[in-house]
Amino acid sequence: QQPVQSPQAVILREGEDAVINCSSSKALYSVHWYRQKHGEAPVFLMILLKGGEQKGHDKISASFNEKKQQSSLYLTASQLSYSGTYFCGTEMDSSYKLIFGSGTRLLVRP
Amino acid sequence: DTGVSQNPRHKITKRGQNVTFRCDPISEHNRLYWYRQTLGQGPEFLTYFQNEAQLEKSRLLSDRFSAERPKGSFSTLEIQRTEQGDSAMYLCASSPKGGPYEQYFGPGTRLTVT
């Protein structure tokens, strides 16, 4: 039931765009996105709920395709500070329990 | 700074010993979660509380693990008879009342079992 993230890793130059995908084989109630830098705690980026409600940072955008049980995180005009590992956490049936994917490692180079 | 604090930040223990970790959530957050994270993996759900009630516990959590949240404030996670496989980062998170209920993570407690 662990969601699958793709790609596993991506390297960008500063200013380039990236898309990180998260897919589940189970019907989802919500998808959460977090970024974790090495040695630090995961930091909340975005939550997308079934039905279209979203909450997150202004500079982060994401989508949630309820029919396909897929979510995508869009990183535009990447900055060096975007480097880190991005995790999606999926929730089924408003259970409050998140199942996290194995992460996408993003490196932004000057 | 997310506001969730965890103590200790690091713990080294010998196999077979008991350890206890503490988590102080953001004030007025009524939900509190415990996760375990190993290198290169995402956080793995262990258990969560709504106020003082423990509402779900992962089947992956053996009987050696127990968590409490007396009075619905701070929480403790105890591991009895530690094993080398218990070595990991133990993360605590809390989320506010109402929704959407994003989770705010603490810095974690890194456990090393020798």
Side-chain angles (χ1 to χ4, degrees), chain A residues 1-6 8-9 20 22-24 28-57 60 62 64 71 73 84-106, chain B residues 1-7 9-10 21 23-26 29-51 53-61 67 88-110:
Chain A
Q1 297 183 358
Q2 182 181 33
V4 177
Q5 289 188 232
S6 63
Q8 290 185 326
I20 300 173
C22 175
S23 64
S24 173
L28 299 176
Y29 177 78
S30 72
V31 179
H32 301 225
W33 287 97
Y34 290 82
R35 177 173 59 218
Q36 186 175 31
K37 294 182 180 288
H38 182 69
E40 299 181 7
V43 174
F44 169 75
L45 296 176
M46 174 75 72
I47 178 173
L48 305 101
L49 278 76
K50 183 179 179 180
E53 186 176 3
Q54 295 186 4
K55 179 179 180 181
H57 295 284
I60 299 290
F64 179 22
S71 178
L73 184 70
T85 301
Y86 289 77
F87 293 103
C88 69
T90 55
E91 179 197 15
M92 294 179 283
D93 302 328
S94 187
S95 63
Y96 307 119
K97 171 183 171 181
L98 290 183
I99 306 298
F100 284 90
S102 57
T104 295
R105 291 182 299 280
L106 176 71
Chain B
D1 186 3
T2 63
V4 177
S5 62
Q6 293 187 245
N7 288 288
R9 295 291 308 275
H10 303 273
F21 310 141
C23 170
D24 287 89
I26 294 173
H29 279 196
N30 66 332
R31 295 191 189 92
L32 185 149
Y33 312 81
W34 284 99
Y35 294 89
R36 177 172 61 190
Q37 186 175 29
T38 54
L39 192 63
Q41 298 297 315
E44 177 186 17
F45 173 83
L46 294 179
T47 188
Y48 96 94
F49 294 83
Q50 182 164 306
N51 300 312
Q54 186 175 18
L55 297 187
E56 186 164 351
K57 184 176 177 180
S58 170
R59 286 175 291 177
L60 299 173
L61 216 59
M89 176 72 83
Y90 289 84
L91 294 166
C92 174
S94 67
S95 61
K97 297 177 184 178
Y101 35 87
E102 66 273 22
Q103 297 184 21
Y104 295 91
F105 282 83
T109 294
R110 180 166 296 283

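Predicted model only: the values in this text are computed from it and were never measured. A note on names: the letters A, B, ... follow the listed sequences, proteins ahead of strands, and every chain is numbered from 1.
- Proximity to chain A (any heavy atom under 4.5 Å) is shown, for R110(B), by neither the backbone nor the side chain.
- Taking P43(B), G40(B), A93(B) one by one and counting their heavy-atom pairs under 4.5 Å with chain A, the maximum is reached by P43(B).
- Interface summary for chain B: among Q2(A), Q36(A), Q5(A), E40(A), the most heavy-atom pairs under 4.5 angstrom belong to Q36(A).
- When the side chain to side chain contact (heavy atoms under 4.5 Å, CB included) test is applied to E56(B), the partners found at least two apart in sequence or on another chain are K97(A), F45(B), Y48(B).
- There is no side-chain donor-acceptor pair under 3.5 Å between S30(A) and Y101(B).
- If you measure heavy-atom distances from Q6(B) to chain A, you find no contacts under 4.5 Å at all.
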Between L91(B) and R36(B), does the side chain to side chain contact (heavy atoms under 4.5 Å, CB included) criterion hold? Intermediate values first, please. CA-CA 6 Å; L91(B) 294 166; R36(B) 177 172 61 190; over 6 Å; no
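- For E44(B), no part lies under 4.5 angstrom from a heavy atom of chain A.
- Take T85(A) and apply the side chain to side chain contact (heavy atoms under 4.5 Å, CB included) test, not counting sequence neighbours, and it matches F87(A), R105(A).
- Aromatic ring pairs are classed by plane angle as parallel below 30°, tilted from 30° to 60° and perpendicular above 60°; the pair Y34(A) and F105(B) is perpendicular.
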